[in-house]
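Each remark here refers to the structure printed beneath this line.
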Amino acid sequence: MGAIFGTLLRRHSQCHGASNVKHAVITGAAHGIGKALAHRFAQAGYAITGVDIDAAGAAIVERELDARFVIADLRSEADIARVLPELLQKPIDVLIHNAGINAVGRFSEISIETQEQLIAVNLYAPMRLTAALLKTDLIAKGASIVFISSLSHYTSYPGAATYAATKSGLASYARSLSIALAPQNIHIMTVFPGPTRTAHARRHSPHNTREEKRMPPEKLAHHIFRGTKKKKHLIIPGATNRMLALLGKYCPPLMAYAMRKVILEKL
């Protein structure tokens, strides 16, 4: 990776300050929450670079926003290394780790290979990308790094234990990183979304009879955009989600019972 870092630093010195347009990098930007984030930040005048495995979905967002996409499989360390030079078109003002996958079912019935893939995408990829970008000085001073965790950090997620573990791990990583990067004036924000009205949620929900109650991704994207502007360190979007987080924190037996009834027993 040393040769890659050297090349990135040289290219960074050539393009730094070349444009006053702010730059947002969003992983998983071809669909769902990531796509809504790309639209929201583009609306605010940001140049958008998306990272996604789905070339067809990425092409649609590219046309909609005049965005730029890097096609990569974030399960692969080699693909992550390949992504880095592609991100250095301009300094990064907002980096959003949104890409994530899930697997729902009885824990003992989900293969270890599937669980390893969840860990690779949801936890290792954000850590590897963040560390590499910080090492090559690609993140602008005063920038925001956003980690999309999950309400499961507070409520648990029976039927998706590995997913919940990756999202709690991401939140812990972000909390420590926030302290470490404060002297560099780099803002860290962790987001804990609840159920969101996306195809991803639809695929992994035990039932979708109340899908209209889930938060639209566009609304969530606005919460996240506003959070970066206000330099918040933690947001739980939505009053209901905040109430559930409080119940999970201060009355865990009650929340555990509710989650078992709502999710686990319906699998």
Looking only at non-hydrogen atoms, find the nearest pair between [X] and [Y] and report the distance.
{"X": "Ala160", "Y": "Asn102", "value": "CB-OD1, 3.7 Å"}
{"X": "Leu151", "Y": "Ala245", "value": "CD1-CB, 4.0 Å"}
{"X": "Ala140", "Y": "Ile186", "value": "O-CG1, 4.2 Å"}
{"X": "Gly57", "Y": "Ala30", "value": "C-CB, 3.7 Å"}
{"X": "Val61", "Y": "Ala38", "value": "CG1-CB, 4.4 Å"}

| Between Ile26 and Thr49, does a side chain to side chain contact (heavy atoms under 4.5 Å, CB included) hold up when you go through it step by step? | CA-CA 6 Å; Ile26 305 167; Thr49 298; over 6 Å; no
I'd like to know if the side chain of [X] reaches the main chain of [Y], judged simply by a donor and an acceptor atom lying under 3.5 Å from each other, with no hydrogens or angles considered.
{"X": "Thr27", "Y": "Asn98", "answer": "yes"}
{"X": "Arg75", "Y": "Ala120", "answer": "no"}
{"X": "Asp79", "Y": "Leu74", "answer": "no"}
{"X": "Arg68", "Y": "Glu86", "answer": "yes"}
{"X": "Ser172", "Y": "Ser168", "answer": "no"}
{"X": "Gln115", "Y": "Ile110", "answer": "yes"}
{"X": "Asp52", "Y": "Ala29", "answer": "yes"}

Salt bridge (charged side-chain N to carboxylate O under 4.0 Å, His left out) against [X], all qualifying residues, sequence neighbours excluded:
{"X": "Lys35", "result": "Glu64"}
{"X": "Asp54", "result": "none"}
{"X": "Arg40", "result": "none"}
{"X": "Lys141", "result": "Asp137"}

| task | Tell me, yes or no, whether the heavy-atom count around Arg226 atom CZ, taken from other residues, nucleotides or ligands under 6.0 Å, exceeds 12. | result |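 Atom CZ in Arg226 is crowded, with more than 12 foreign heavy atoms closer than 6.0 Å.
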| field | Heavy-atom neighbours of Lys249 NZ exceed 12 at 6.0 Å | value |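 Atom NZ in Lys249 is not packed in, count stays at 12 or less.
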Can you tell me how far [atom2] of [Y] sits from [atom1] of [X], rounded to the nearest 0.5 angstrom?
{"X": "His23", "Y": "Asp93", "atom1": "NE2", "atom2": "CG", "answer": "8.5 Å"}
{"X": "Leu95", "Y": "Leu134", "atom1": "CG", "atom2": "CG", "answer": "8.5 Å"}
{"X": "Met189", "Y": "Ser178", "atom1": "CE", "atom2": "OG", "answer": "11.5 Å"}
{"X": "Ile92", "Y": "Tyr46", "atom1": "CD1", "atom2": "OH", "answer": "13.0 Å"}
{"X": "Lys232", "Y": "Thr190", "atom1": "NZ", "atom2": "OG1", "answer": "13.5 Å"}
{"X": "Ile71", "Y": "Arg82", "atom1": "CD1", "atom2": "CZ", "answer": "8.5 Å"}

Answer yes if [X] and [Y] sit in the same cluster of Ile, Leu, Val, Met, Phe, Trp and Tyr residues linked by side chain heavy atoms under 4.5 Å apart, and no otherwise.
{"X": "Leu246", "Y": "Ile235", "answer": "no"}
{"X": "Phe69", "Y": "Val94", "answer": "no"}
{"X": "Tyr163", "Y": "Ile101", "answer": "yes"}
{"X": "Ile96", "Y": "Leu65", "answer": "no"}
{"X": "Leu129", "Y": "Ile53", "answer": "no"}

| said: For a side chain to side chain contact (heavy atoms under 4.5 Å, CB included) check, start with the C-alpha distance between Leu181 and Ile139, then their side-chain angles and the critical distance, and finish with the verdict. | reply: CA-CA 11 Å; Leu181 295 182; Ile139 298 176; over 6 Å; no
| task | Output all residues satisfying side-chain hydrogen bond (donor to acceptor under 3.5 Å, both in side chains) with Ser76, sequence neighbours left out; order by chain, then residue number. | result |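 Residues passing side-chain hydrogen bond (donor to acceptor under 3.5 Å, both in side chains) with Ser76: none at all.
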| field | side-chain hydrogen bond (donor to acceptor under 3.5 Å, both in side chains) against Ser150, all qualifying residues, sequence neighbours excluded | value |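 Per chain and number, Ser150 pairs via side-chain hydrogen bond (donor to acceptor under 3.5 Å, both in side chains) with Ser152.
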| task | With Pro237 as reference, evaluate Thr196, Ile224, Leu220 under the side chain to side chain contact (heavy atoms under 4.5 Å, CB included) test and give the passing residue. | result |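 In the set Thr196, Ile224, Leu220, the residue that makes a side chain to side chain contact (heavy atoms under 4.5 Å, CB included) with Pro237 is Leu220.
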| task | Please determine which of Leu244, Leu247, Asn241, Ile236 meets the side chain to side chain contact (heavy atoms under 4.5 Å, CB included) test together with Tyr154. | result |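 The option that passes is Ile236.
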All ring-ring contact (aromatic ring centres under 6.0 Å, His included) counterparts of [X], not counting sequence neighbours:
{"X": "Tyr173", "answer": "Phe147"}
{"X": "Phe225", "answer": "Phe41"}
{"X": "His233", "answer": "His187"}
{"X": "His153", "answer": "Phe192"}

| said: I want to check something: taking the side chain as every heavy atom from C-beta on, are Arg197 and Pro217 in contact at a cut-off of under 4.5 Å? | reply: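 The answer is yes, as the side chains (C-beta and beyond) meet within the 4.5 Å cut-off.
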| If we only count heavy atoms from C-beta on, is the Ser149 to Val191 side-chain gap below 4.5 Å? |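 They are not in contact (no side-chain heavy atoms under 4.5 Å apart), so the answer is no.
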| Intermediate values then yes/no, side chain to side chain contact (heavy atoms under 4.5 Å, CB included), Leu84 and Thr136 | CA-CA 9 Å; Leu84 293 174; Thr136 54; 6.0 Å; no
| field | Of all pairs that satisfy side-chain hydrogen bond (donor to acceptor under 3.5 Å, both in side chains), the ones with a partner from residues 118-131, not counting sequence neighbours | value |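 Only His97-Thr130, Asn122-Thr166 qualify under side-chain hydrogen bond (donor to acceptor under 3.5 Å, both in side chains).
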| Remaining members of Ile112's ILVMFWY cluster at a side-chain heavy-atom cut-off under 4.5 Å? |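 Members other than Ile112 - counting any ILVMFWY side chain reachable under 4.5 Å - there are none.
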| request: Apply side chain to side chain contact (heavy atoms under 4.5 Å, CB included) to the pair Leu118 and Leu123, showing each step before the final yes or no. | output: CA-CA 8 Å; Leu118 261 67; Leu123 183 58; over 6 Å; no
